[in-house]
There are 2 protein chains.
Amino acid sequence: MPRHLNTAFAAPWDLAPTPGGDDNPLVRRLEGFAPLSQADRTLLLSHCANARSYPAQTDLARDREEPDGILVVLEGFACWHQYRQTGARQITAYLVPGDLCEWDTALIGRTDHAVSTISPCRIARISREALRNSYGAQTGLAKALRMSSLVYEATLREWVVNVGCRTALERIAHLFCELHVRLDAVGLASGLGFDLPLTQGDLAVTVGLSNVHVNRSLQALRRDRFIDLRGRRLTILDWAGLSNLAEFNPGYLRLGRAGER
Amino acid sequence: MPRHLNTAFAAPWDLAPTPGGDDNPLVRRLEGFAPLSQADRTLLLSHCANARSYPAQTDLARDREEPDGILVVLEGFACWHQYRQTGARQITAYLVPGDLCEWDTALIGRTDHAVSTISPCRIARISREALRNSYGAQTGLAKALRMSSLVYEATLREWVVNVGCRTALERIAHLFCELHVRLDAVGLASGLGFDLPLTQGDLAVTVGLSNVHVNRSLQALRRDRFIDLRGRRLTILDWAGLSNLAEFNPGYLRLGRAGER
DNA sequence: TTATCCAGTTAACCTAAGATAATGTCGGGT
DNA sequence: ACCCGACATTATCTTAGGTTAACTGGATAA
């Protein structure tokens, strides 16, 4: 059982130690994209049973004993990020429970991009070999995986827009809106609140700002009663205001009627 | 025959009016990712034969008579971009000859992201139905398409890094390095020079800067003899210097030994 | 109990880049 | 030869956000 930084907050997955069946976030997520056959579901569940725990701040690329396939986050926060030679760092994506990332050693191997945990995580790896059974283009699983990849791309485009042409306040607001929708989709939000295991420094390198300016902006968001952020818990006090500020439109996440709050 | 803005420069595709066989940029591009069967190649070529011409500045999403599938650029520059309500605009990706983009009406339909031509283009659409024939996960085509998607994702991550934590000079330098490598891979560069049908305004919304600052930065790059940019032609005068300035590492493009210049 | 560490906060100052707008250049159309 | 529109360039002033560094407070460890 992984020990979380913020055990005080009793994250949902601490209460349900062995996710199986419908509370498996991967199955839940993929079924949002396309209906899965019973065979698909049991395939996924059986591979998730082999998930391993990783401590916070751990590079998932380094132990590359696994062949090509996908890497699935079942609990905790992970991220794609890149270090520059200057020491600067940029987070380019978050992986929250139910998210997966395509793992192609041919592609990942040599780049300076890395995938790491942020908080302690449970992560499963499923080889492409294992997926191949139900991998005709017609099956629901194949379609769901394709959709998952398209949503990931759309999210990246949204992030380019975020750092490319939004103000500090808008960037942070947009990120918070996105994270809430994504976490809510896998049952990790309670109303407008959710656990957010990120430091202000993490936020800064996500959103392309300095620590100090993130701090200032968070205070502004608090002062104007958009959010409440204490400890590692974020509550959105004014969804309409925040999403309006950010021009947040959840369509790119393809989660059905999410975003109607 | 599309009329190009810069006919004065006689782009390669003007000299070879009917790309077929090996000078088809799509086939050339995909074969860089995985070996294709003869059936794969003829399939691709036959669909490229139905390509249509589009003038510059044309939204490719609007005429959505085609079903899901991929959209292939054979000639010209296109881009993904997004308008904000404020009128601001952000380009999130370029599509150059040989590039494709997955077209999923379920996904694209409602988002505010659009795909448009920049210069006049020849573009083919291939339905997913048509691809399904050789779409077992084992075939080369399927693998090449998957790689293509992974490369697109990696490029997007790189762009997030670009706008997230690089200076104006570095951003532009990085973009130029990337474009050169990509165009060179489909034979559209002659040495270190290539046609670049982008205005400074286009560059600005790509790289998250103002028109004016792009202008200043270009002058600096010219003054320091990194580049020569006149008309719509860019020549990199000092590849080592420019790629070093940008910390450009072409690995993410997965083009074999590209970048060794 | 104190020392240490880490995250968060604040303040003073600085700079890269934005905004605006005037001016220049060039090619195309008439 | 003239005008026009699209880009590019330049100058000016303004501002969002960066940098540095000091200080706080809670949590853990010794």
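Protein chains get the first letters and strands the later ones, always in sequence-line order, with residue 1 at the start of each.
A distance-only check finds no donor-acceptor pair linking the side chain of Thr117(B) to the backbone of Pro120(B) [under 3.5 Å].
Taking SG from Cys177(B) and CD1 from Ile236(B), the interatomic distance works out to 5.5 Å, rounded to the nearest 0.5 Å. Cys79(B) contributes atom SG, which lies 7.5 Å from atom CG of Leu95(B) (distance to the nearest 0.5 angstrom). Rounding to the nearest 0.5 angstrom, the gap separating the CG atom in Leu26(B) from the CG atom in Leu100(B) is 6.0 Å. Taken to the nearest 0.5 Å, the CG atom of Leu169(B) stands 5.5 Å off from the OG atom of Ser217(B). Taking OG1 of Thr235(A) as the start and CZ of Phe226(A) as the end, the distance is 15.5 Å to the nearest 0.5 Å. For the atom pair Thr155(A) OG1 and Glu153(B) CD, the distance stands at 10.0 Å (nearest 0.5 Å).
Here the C1' atom of nucleotide dC7(D) and the CG atom of Leu198(B) are 13 Å apart, to the nearest Å. Here dA7(C) presents its P atom at 13 Å from CD1 of Ile118(A), a figure rounded to the nearest Å. Straight-line distance from the CD atom of Gln200(B) to the C1' atom of dA8(D): 5 Å, rounded to whole Å. Atom C1' of nucleotide dT10(C) and atom CZ of Arg223(A) are separated by 15 Å, given to the nearest angstrom. For the pair Ile172(A) CD1 and dG17(D) C1', the computed distance is 12 Å after rounding to whole Å.
Residue pairs meeting the salt bridge (charged side-chain N to carboxylate O under 4.0 Å, His left out) criterion with at least one partner in residues 204-223 of chain B, sequence neighbours excluded, do not occur; the list is empty. Residue pairs that meet the ring pair (Phe, Tyr, Trp, His ring centres under 6.0 Å) test with at least one member in residues 184-203 of chain B, sequence neighbours left out, are His180(B)-Phe194(B).
Distances shown here put a side-chain N or O of Arg222(A) below 4.0 Å from the OP1 or OP2 atom of dT9(C). The phosphate of dG8(C) (OP1 or OP2) has no side-chain N or O of Asn215(A) nearer than 4.0 angstrom. The shortest distance between the side-chain N/O atoms of Gln219(A) and the OP1/OP2 oxygens of dG8(C) is not below 4.0 Å. Note on Arg230(B): every side-chain N or O is 4.0 Å or more away from OP1 and OP2 of dC26(C).
Fit an axis to the five pairs at each end of the helix from dT1(C)-dA30(D) to dT30(C)-dA1(D) and the two axes sit 30° apart, to the nearest 10 degrees.
A heavy atom lying under 4.0 Å from DNA chain C marks none of the residues of residues 81-96 of chain A.
Between Asp195(B) and Arg233(B), at least one side-chain N (NZ, or NE/NH1/NH2) sits under 4.0 Å from a carboxylate O, which counts as a salt bridge. Between Arg225(A) and Asp238(A) no salt bridge is recorded (no basic side-chain N to carboxylate O distance below 4.0 Å).
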Each nucleotide N or O in nucleotides 4-6 of chain D that has a protein N or O under 3.5 Å away: list the pair and distance.
none

I'd like a list of close polar pairs between nucleotides 16-19 of chain C and the protein, N/O only, cut-off under 3.5 Å.
unit_1: dA17(C); atom_1: OP1; unit_2: Ala168(B); atom_2: N; d: 3.2
unit_1: dA17(C); atom_1: OP2; unit_2: His213(B); atom_2: NE2; d: 3.1
unit_1: dA17(C); atom_1: O5'; unit_2: His213(B); atom_2: NE2; d: 3.4
unit_1: dG18(C); atom_1: OP1; unit_2: Ser210(B); atom_2: N; d: 3.2
unit_1: dG18(C); atom_1: OP2; unit_2: Ser210(B); atom_2: N; d: 2.9
unit_1: dG18(C); atom_1: OP2; unit_2: Ser210(B); atom_2: OG; d: 2.9
unit_1: dG18(C); atom_1: N7; unit_2: Arg216(B); atom_2: NH2; d: 3.1

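Residue Glu158(B) forms a salt bridge (Lys or Arg N to Asp or Glu O under 4.0 Å) with just one option from Arg182(B), Arg171(B), Arg166(B), and that option is Arg166(B).
Between Tyr94(B) and Trp159(B), the ring planes are perpendicular. Angles over 60° get that label, and only those under 30° would be called parallel.
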Using the rule given for side chain to side chain donor-acceptor pair (under 3.5 Å), can you reason through Tyr83(A) versus Gln90(A), listing the C-alpha separation, both sets of side-chain angles and the distance that settles it, and then say yes or no? CA-CA 7 Å; Tyr83(A) 281 97; Gln90(A) 177 71 43; over 6 Å; no
